[in-house]
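For the single chain, residues carry numbers from 1 onward in sequence order. Scope of the values below: all heavy atoms of this structure, side chains included, with no hydrogens, waters or symmetry mates.
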Amino acid sequence: MIYGVDYYPEHWDSSEWRSHSKLMREGNFNTVRIAEFAWGRLEPREGEFDFSWLDEAISVLAEEGIKVILGTPTASPPRWLVNKYDIYMRDKYGRPRGYGSRRECCSNNPYYIERSKEIVTAMAQYYGKNPNVIGWQIDNEFGCHDTTHCYCEHCKKAFGSWLERKYGDIKTFNKTYGTVFWSHEYESFDDVILPAYNSCEPTHGDIRTHNPSLDMDFMRFSSDSWIAYAKMQTAIIRRFSDRPITHNLMGHFVDIDYYKLGETLDFVSWDNYIEDQWASHTYEEVSMAHEVMRGVKDKNFWIMEEQSGPCGWDVMGGTPRPGQLRLWVYQAMAHGCEGMVYFRFKAAPFGMEQYWYGVLDHDGIPRRRYYELQKTGEEMQKWGHLFQNAQTVTDTLIVKSYETGWSHRIKRHTSGFDYDGIVHSYYRANNHLGTNPAVGSEDMISDKYKVVYMPAYSIVTGTLKEKLENYVRNGGTLVLSYRSGIRDEYNNMTTLTLPGKLRELVGATVEEFDAASVDVKVSGGLGKSTVWRDILSADSAETVAVYDSEFYKGSAAVTVNKFGKGKVWYIGCDLEDDALYKLVKRISDDAGAEYIPHPVGTEAVKRISDGKEYTILLNYTDTPQTVSCGGADVTLVAYGIEIVMKGIL
Ligand code: GAL
């Protein structure tokens, strides 16, 4: 199994590489990811490449049996490049992003594209068949530091062409967007603006006033631009190398449509920081992020950067507790990871990330974290095969859509509305129940899943409608919620009675809705709704719960409709965790979906490998927990894990 570290030989004197490599081998690490920010050292002057130092580093590592994932260094252009070419992104006010950090370049900038092609070609040609290079990582974290959207002239031109390809002629474009609104009809695609702020300086209220179809297409275009840039790199590498290509994604990040990005990658990898300067993620959020990453290609994935110490840029999050580093590996594996690489091997005393502690601290002396990972590495060599090509055993799917997310972001409905939060709440309820849901795109919907959740799924096309009808007709259970089916693919509101194209499936009509910030009780012990209430009238559906106050007291809040051999649940309002859990349990029981009961703070995840089924039990709390599994009670120590498999336990 791949068990590695992120290593920056260019940060250290070459005389140290040998001792570092030795410590890696002794720590049971067998792989490094390398070079993804070393453009300056690899091409010190335009067109002059120097691979000698990297050759040496790779062979020193190879002497200790360590293989390499080679990064293309395009996320950090060297100084000469930005001095010669203006490759900076522009912000909403046209200001260049400027030098001194990274990811400052625009994916539609012809100079940046040209120089990227040169360095990627040179590296692919040179290292494509190197026996120590076992894979490639293109670039680094597309979109990170808020760099997906750019407002430069190159983007404006590219956006016009993108729109022309999509709509063909300007008349169709104007009609689709409804640009007649406020006299926004365009005469040509060249003239279409980028939806930056227009005279919405803070004094006028920092609001977006653009056409929502334009906003949506700009989000699609920006995401597509980075994907085209990624494809440019993967195509070059594939000409010279048959090694698998990945990119390091960012879990819950939503500015780039990862389903589309995934199409150009051989496998997905991602960067998992549980607690750093910016966030402290709950275990459910981390498990869901793993599932989102697995859903990108509906395939197992790697972690390319896993937290290995306390970390942050200017301030730090907490240090991993004894046992947590090990626990996090098993958590990742339980949710589909099959290669684990730690960020970073040794903390850098200089540069922006001085506080990003790694497996080793600045003094390079192995301590607790190194030894915990060393021991875990030993276990991985023993048990790792169980996770290779293993499949997740679940019959529940949660569908998450980047485009639907963008539509909610563009027009948020009401201040308390949060699409990501809603999807998370459905994940959390399922996680607590133990259905261990998969998370993925609408393409993953199939009769393999007994229950499919599509909360707040705003954009519904004719194709999706048909797909959902077939799924339910054949016996599936579909769960929809408020704000589903309200829009078409152009981000216009449907003129159909809500829930639009889904109305027949739902068997109920949204007569009205109420987003007033009042607490409204929901019958059947479902607590209260505080954000959004669809006021439903059941047509063919049966009413499951009603509202208990306001002018719509007695109106349906939750319905269930029989459709063919299946059922469609419609949850018309936001619900608190306990209530959603109850409902999810009821839905799962009704559909016969499998789940493994376990205490909150733990997980019980079933996987199958080589025809053998096993359950991984994980305890995220700092106290012992008992989980019943396979008829026996298993006690997990604080942050402990157990694998329950016939013949093992
Ligand atoms: C990641 C990034 C790494 C490093 C790390 C710590 O997001 O890919 O290059 O910067 O964060 O900040």
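Applying the ring-ring contact (aromatic ring centres under 6.0 Å, His included) test to His290 and every residue at least two apart in sequence or in another chain returns Trp270, Phe301. Residues that satisfy the ring-ring contact (aromatic ring centres under 6.0 Å, His included) test with His11, not counting sequence neighbours, are Tyr8, Phe350. Every side chain to side chain contact (heavy atoms under 4.5 Å, CB included) that Met316 has, sequence neighbours left out, goes to Pro310, Tyr355, Tyr357. Considering only residues two or more places apart in sequence or on other chains, Tyr427 meets the ring-ring contact (aromatic ring centres under 6.0 Å, His included) condition with none of them. By the side chain to side chain contact (heavy atoms under 4.5 Å, CB included) test, Lys375 pairs with Glu379, sequence neighbours left out. Residues passing the ring-ring contact (aromatic ring centres under 6.0 Å, His included) test with His149, sequence neighbours excluded: Phe218. With sequence neighbours left out, the side chain to side chain contact (heavy atoms under 4.5 Å, CB included) criterion links Ala390 to Arg607, Ser609, Tyr614. Shown here are the side chain to side chain contact (heavy atoms under 4.5 Å, CB included) partners of Ser188, two or more places apart in sequence or in another chain: Asp190, Asp191.
Side-chain contact check for Ile66 versus Val5: every heavy-atom pair is 4.5 Å or farther apart.
For the residue pair Arg294 / His335, no side-chain donor-acceptor distance below 3.5 Å is found, with atom types taken as modelled.
Listed by first and then second residue, the salt bridge (Lys or Arg N to Asp or Glu O under 4.0 Å) pairs that reach into residues 258-281 are Asp224-Lys260, Arg238-Asp266, sequence neighbours excluded. Each ring pair (Phe, Tyr, Trp, His ring centres under 6.0 Å) pair with one or both residues in residues 100-125, not counting sequence neighbours, appears once here: Tyr85-Tyr111, Tyr112-Tyr229. Applying the salt bridge (Lys or Arg N to Asp or Glu O under 4.0 Å) definition to pairs two or more places apart or across chains, those involving residues 299-318 are Arg33-Glu305. The stretch residues 132-159 participates, sequence neighbours left out, in these salt bridge (Lys or Arg N to Asp or Glu O under 4.0 Å) pairs: Arg103-Asp139.
Comment: Arg18 does not engage Glu64 in a salt bridge, judged by the lack of any side-chain N to carboxylate O separation of less than 4.0 angstrom.
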